[in-house]
Amino acid sequence: MGNFLDELSGIQREAVCFNSGPSLVVAGAGSGKTRVLTYKIAQLIEEGIRPSSILALTFTNKAAREMKDRIGKLVGDENSKRLWMGTFHSIFSRILRKESELLGFTSDFTIYDTADSNNLIKSIIKERKLDDKTYAPKKVANRISQMKNDLITAEAYRSKKEFHDYDLHQRMPLFGDLYKYYTIRCQKANAMDFDDLLLYTNILFRDHPDILAKYQNIFKFILVDEYQDTNFSQFLIVQKLANKSHKVCVVGDDAQSIYSFRGARIENILKFKENYPECKVFKLEQNYRSTPNIVSVANSLIKKNEGQIPKNVFSERKAGSPVLVMNSYSETDESLKVSQLLDKIKRQTGMRYSDFAILYRTNAQSRVLEKTLRQKGIPYRLWGSTSFYERKEILDTLGYIRLAINNNDEEAFKRIINTPARGIGDTTVGKILETAHNNDVSCWTVLSDPMTYALPVNAGTLAKLAEFKKLMDSLVAAKEEKDAYEFVEMVVHNSGMWTALNADRSPEGVSRLQNVEELLNGLSSSAAQKLEEDGEPLMVADFMAEVALMTSLDDNDTDDKVTMMTVHAAKGLEFKNVFIVGAEEELFPSVMSTGTAEGIEEERRLFYVAITRAEDFCVISYAKSRMRNGATNPSNPSRFIKDIDASMLDFSMAPDYVKLYSRVASSDEMDLHFQSLKPRHDTLNIRPTAERPQQRYHFNVEPPKIGSPATNTARNLTPLSRAEAGSIRNLHVNNNTNVKVGDKVIHAQFGMGVVTKLEGAGTPMAKICVHFQNVGEKKLILKYANIKVV
DNA sequence: ACTAATAACATTTTT
DNA sequence: TGTTATTAGT
C-alpha cells in the first residue's frame, strides 16, 4: 500500500487530507477529480474510520462501481465493500426499503421507470377523459418530475394558488388533479418512481426526526460526486444528513453542469459556500488530460458564461495541435469528411479506432454517421442508444418478476398479461382495469376473483384469465423457493416467452433471444458469486431491488472501435481524438434552449464538456445544410465557434466559415491583408503528440447575425492560401446580373451547376435556382450567391 | 384479437 | 427521415 498520498499533487493532497469540516472541491475538467475522491475515502479508512460510516454518493452505477474498485485496490476489498457507496437512488432506495412501513409502502415496493410513469399518466388522462393533446402525457410527466425534484408534493401543489394560476395559463387547469391521482395510483401500486426515491427520503427525514438522527449517526462522512448536477431534493438530503457531523465533501465542476433539464441546480455548487460558511474550498485547476491548445480553446469558450466559480484551468502538456474547425455541405458530407479525417489521423499516428470518439448533440445524428462508417468499414460502437434494460424482451421478463414480487404493480400487470399473446386483449384488460378502479382494488385482486367483482367477460376469456393467474401463482410460490437464476429461468420458460422468442427466426428475434440468455447468464454468475461470497443465495427480490436502478450491462466490449455518443453521455470520459459534429445553430445550441440566457449557458457548458473530452486532438465540425425531421434546411455555424478566440482555431478545413462570416470592404484591402499573413501550415499533417508552433495570428471573426449572413462585417480574415483568397475575390467582384436560365455556373460550396430558374429578376431579392451536379437543386439569393458564370 | 396501414412525432436523460 | 402509436380492416 505504501503512502498513496505521494501520488497526488499538492492541492490534490490538501483536498484529500482535509476532513475537519465541510469542503468543496472544484475540479476542473481532467483535473483528477475521481482520483481525489477515491484517495480521500481511502485516506479516511487508513485513518481508522469505519468504511460503514462513510457515505459516498455518485450519479451513475458505473461511477460508483469504478470508484469502489479503485478504493479496493488501495485499502482492500473487505473495506471497500462495506462503504455506503452508490447512486443517490440506489442508496436511498435501500434505506426506503428498510423504513418503508413509515411511509405506507411495503419493503417490496416496485420502482417505476420512466416508461412506467408515462404509461400510468397516459392511462390516468384517458380515464379522466381528458384530451391528450392539451394534457400531453410527457409534459405532465415532466412537470410532475420537476415538482418532485423541487419537493412540491401533489398536496402542496394543489394548495398553492400560484401553481393553479400557472396551470390556467398553461391551459392545464387540471394538472394538480392529475398529479394527485398519479401519486395515489403509485401508492396503490406500492410503487415509487425515480423522483419518489428522493422525495420520500426527504419526507421520511422530515416526518421522522428519530430516523434522520439514526442515519446522521451512521454517516460520519459524506462525499458527493458531480455535485453540480444535484437537484434540490438531493441537495436537501445531503444537507440534512450532514447537519450533525458537518463532514461533507462535495466534488464537482460548475462548468460541466449539463442536466438542468432534469432538475439539476447549478447554484448548489455555486452557493455551497453560502450554505456552509465554514467550508474550505479546494480548486483543482491543472488539467492532466488535454493539451494546452485544447484547454485554452475550452477556457476561451466558457469565459463567455456569466456566473461561475472563477478558476484558471491549465495544462502543462506539450502545446499539441490546434483545434480544427471543419465545414461540409451536408450531414452526409460531414460524416464522409469525419471518417476520412479519422482514417487519415489513424494512419499517420498509428492510433487505434478506440482512440476516437464522435460526439453529437442529438441521438438522431448518429444514423448518417453509422451509415458512412459502415460503408467505409470503420468499426464503431454506439453508446446509450437503447440500453439493455430498456429492451422489450428484458422488460417483459422483468415484468413477470415485478408482478410476482409486488402483486399491486399495475404497470407490470398491464405489460405482461398478454405477453406473449395468450388471447387476453385490450378490451379484457380494459375491463379488468375499470373493475379494479371502480371497486378500489388492484388488478390482481380482480384477476384472483373475477366472479366477486362481476368482471363482464365470457367464459372463454375467464378460462384464459384463470390460466394466467395459475401461472402467476406458481411464480409467487417459487420466489421464496428458488434462487434468482432458477426463478428467472422458470419465468422465461413457463410464461411462454421462450417458445415465442424461439419461434421468431428473424435476426431481431434471434437477438431478442440472445438478450434474454444474456440476462440469465448474468444472473447465473451473480448468483454464484453471491453464494460464494456470503454463503447466501441470491433471491429475486434482492435482484429486483438492484436491477430497477440499472440502465446498462457492464460494457465488456473491448474491441477496437470508434465510440459514438451524445455529449451528455460522454461526460466523465476521455478520448485521444474527439470529433464534435453538428456544431450548428439550432442544433448545438439546441433550438429548445435558445430562448433563455440560462439555456444558452447550459448548452455552452455542454460544448465545453465536449471539447474537454479530447486529450490530443479535437475537431469541431458543422455542415451548411442538414436534414432534420425529413427536411433539409440550411444551417449556420454554432455561435460557440465564434465564442472561441479565433486565433486558437485552425480554419484551414473550414474555408466556408471564412467566406460566410467575414466580409471585406474591398478586394485591395483583402489582398493587403493576405500579404501580411503567412500561409498556414498543412492542417492535415496531424501529429497529435508532436510539438507545434503556437498559432498567433490576430484576427477577428464576428458572430453571424442569425438569418442574415450578409449583414455581417468582419475587419479581418482568417489566413488563407493565395489561391483561395483570389477565388473569393473573384466571386465577390462578379455581380451576377447577367445570369440566364441554362447558364453553367460554379459555386464556391456547391461546385458546378446549371441555372434552371430565375425569380424576381432585376429586383434586389432576385432568386436563382441552380441544379448542381453534386448537391442537386438549390435556390439561392442572387445577390448573395457566390456563383460565377463559366 | 391480431395485423397492416397510416398518422403523428421528433433534445439532451446519470436514476 | 425513421420511428412509434393509433386506427382501420380482416
Side-chain angles (χ1 to χ4, degrees), chain A residues 57-65 86-93 111-115 117-119 122 126 132-133 136-138 141-142 145 148-149 192-198 225-226 228-231 233-234 256-264 331-332 359-368 370-371 383-387 389-390 392 418 420-430 460-461 464 546-552 565-573 582 586-594 599 602-603 605-607 609-610 626-633:
Chain A
L57 298 166
T58 63
F59 276 80
T60 62
N61 292 307
K62 190 167 159 250
R65 203 163 40 229
T87 63
F88 273 89
H89 293 82
S90 85
I91 295 284
F92 295 111
S93 71
I111 297 171
Y112 273 177
D113 66 17
T114 317
S117 306
N118 284 335
N119 287 334
K122 214 182 280 175
K126 216 172 208 171
D132 61 359
K133 291 262 159 37
K138 274 213 180 106
N142 251 330
S145 172
K148 286 183 179 175
N149 288 156
M192 294 195 193
D193 65 22
F194 289 140
D195 304 314
D196 282 336
L197 296 174
L198 306 173
D225 191 15
E226 307 279 19
Q228 77 281 355
D229 288 328
T230 49
N231 61 34
S233 195
Q234 291 163 324
Q256 294 184 62
S257 169
I258 54 173
Y259 279 103
S260 79
F261 67 94
R262 292 186 41 141
E331 74 286 336
T332 321
L359 308 182
Y360 34 79
R361 178 63 244 262
T362 67
N363 276 312
Q365 290 168 256
S366 70
R367 212 170 308 271
V368 220
E370 281 186 79
K371 202 173 144 201
W383 261 53
S385 35
T386 26
S387 73
Y389 291 103
E390 279 167 7
K392 187 184 177 298
N418 200 32
R422 48 172 73 86
I424 304 170
D426 290 347
T427 15
T428 307
V429 177
T461 311
K464 286 173 192 162
E546 294 287 313
V547 87
L549 297 169
M550 304 267 238
T551 47
S552 59
M565 60 184 151
T566 62
V567 183
H568 280 94
K571 200 181 77 168
L573 304 177
E586 307 202 314
L587 180 60
F588 200 174
S590 154
V591 239
M592 314 296 284
S593 61
T594 43
E602 176 142 324
E603 294 284 313
R605 291 192 293 268
L606 191 59
F607 210 100
V609 168
R626 183 169 297 269
M627 183 154 73
R628 282 227 271 169
N629 303 341
T632 303
N633 288 308

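Throughout, a chain's letter reflects where its sequence line sits, starting with A, and its residues are numbered from 1.
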**Asked** Contact class for A:Gly572 (heavy atom, under 4.0 Å): base, sugar-phosphate, or nothing?
**Response** nothing
**Prompt:** What integer number of Å spans the P atoms of C:dT4 and B:dT13?
**Reply:** 15 Å
Please tabulate, one pair per line, each protein N/O and nucleotide N/O from nucleotides 3-10 of chain C that are separated by under 3.5 Å, including the distance.
| residue | atom | partner | partner atom | Å |
| --- | --- | --- | --- | --- |
| C:dT3 | OP1 | A:Arg367 | NH1 | 3.3 |

**Euclidean distance, atom CD of residue A:Glu331 to atom P of C:dG2 [Å, nearest integer]** = 10 Å
**Message:** Are A:Thr428 and A:Lys464 packed together at the side-chain level, in the sense that at least one heavy-atom pair is separated by less than 4.5 angstrom?
**Reply:** no
**Asked** Should A:Lys571 and A:Glu226 count as an ion pair when the cut-off is N to O under 4.0 Å?
**Response** yes
**Message:** Please report the distance separating the P of C:dA5 from the corresponding atom of B:dT12, rounded so that it comes out in whole Å.
**Reply:** 15 Å
**Asked** Is any side-chain heavy atom of A:Arg361 less than 4.5 Å from a side-chain heavy atom of A:Ser590?
**Response** yes
**Prompt:** Across the strands shown, which category fits A:Ala421 at heavy-atom distances under 4.0 angstrom: base, sugar-phosphate, nothing?
**Reply:** sugar-phosphate
**Message:** Base, sugar-phosphate or nothing for A:Thr427? Non-hydrogen atoms, less than 4.0 Å.
**Reply:** sugar-phosphate
**Prompt:** What do the steps show when you test A:Asn231 against A:Arg262 for side-chain contact (heavy atoms from CB on, under 4.5 Å), and what is the final call?
**Reply:** CA-CA 8 Å; A:Asn231 61 34; A:Arg262 292 186 41 141; over 6 Å; no
**ring-ring contact (aromatic ring centres under 6.0 Å, His included) partners of A:Phe588, counting only residues at least two apart** = A:Phe607
**Asked** Can you give one letter per nucleotide of nucleotides 8-15 of chain B, 5' to 3': B if a protein heavy atom sits under 4.0 Å from the base, S if only from the sugar-phosphate, - if neither?
**Response** -SBBBBBB
**Prompt:** Counting any heavy atom closer than 4.0 Å, what does A:Thr428 reach on the DNA or RNA strands: base, sugar-phosphate only, or nothing?
**Reply:** sugar-phosphate
**Request:** Answer syn or anti for B:dT12, where the cut-off is 90° from 0 on the glycosidic torsion.
**Result:** anti
**Prompt:** Out of A:Ser233, A:Ser145, A:Ser117, which one pairs with A:Asp195 under the side-chain hydrogen bond (donor to acceptor under 3.5 Å, both in side chains) rule?
**Reply:** A:Ser145
**Message:** Any non-hydrogen side-chain atom of A:Lys148 less than 4.5 Å from a side-chain atom of A:Asp196?
**Reply:** yes
**Message:** Below 30° counts as parallel, above 60° as perpendicular, anything between as tilted: where do the rings of A:Phe194 and A:His89 land?
**Reply:** perpendicular
**Item:** Step-by-step side-chain contact (heavy atoms from CB on, under 4.5 Å) determination, A:Leu197 to A:Phe92
**Value:** CA-CA 7 Å; A:Leu197 296 174; A:Phe92 295 111; 5.6 Å; no
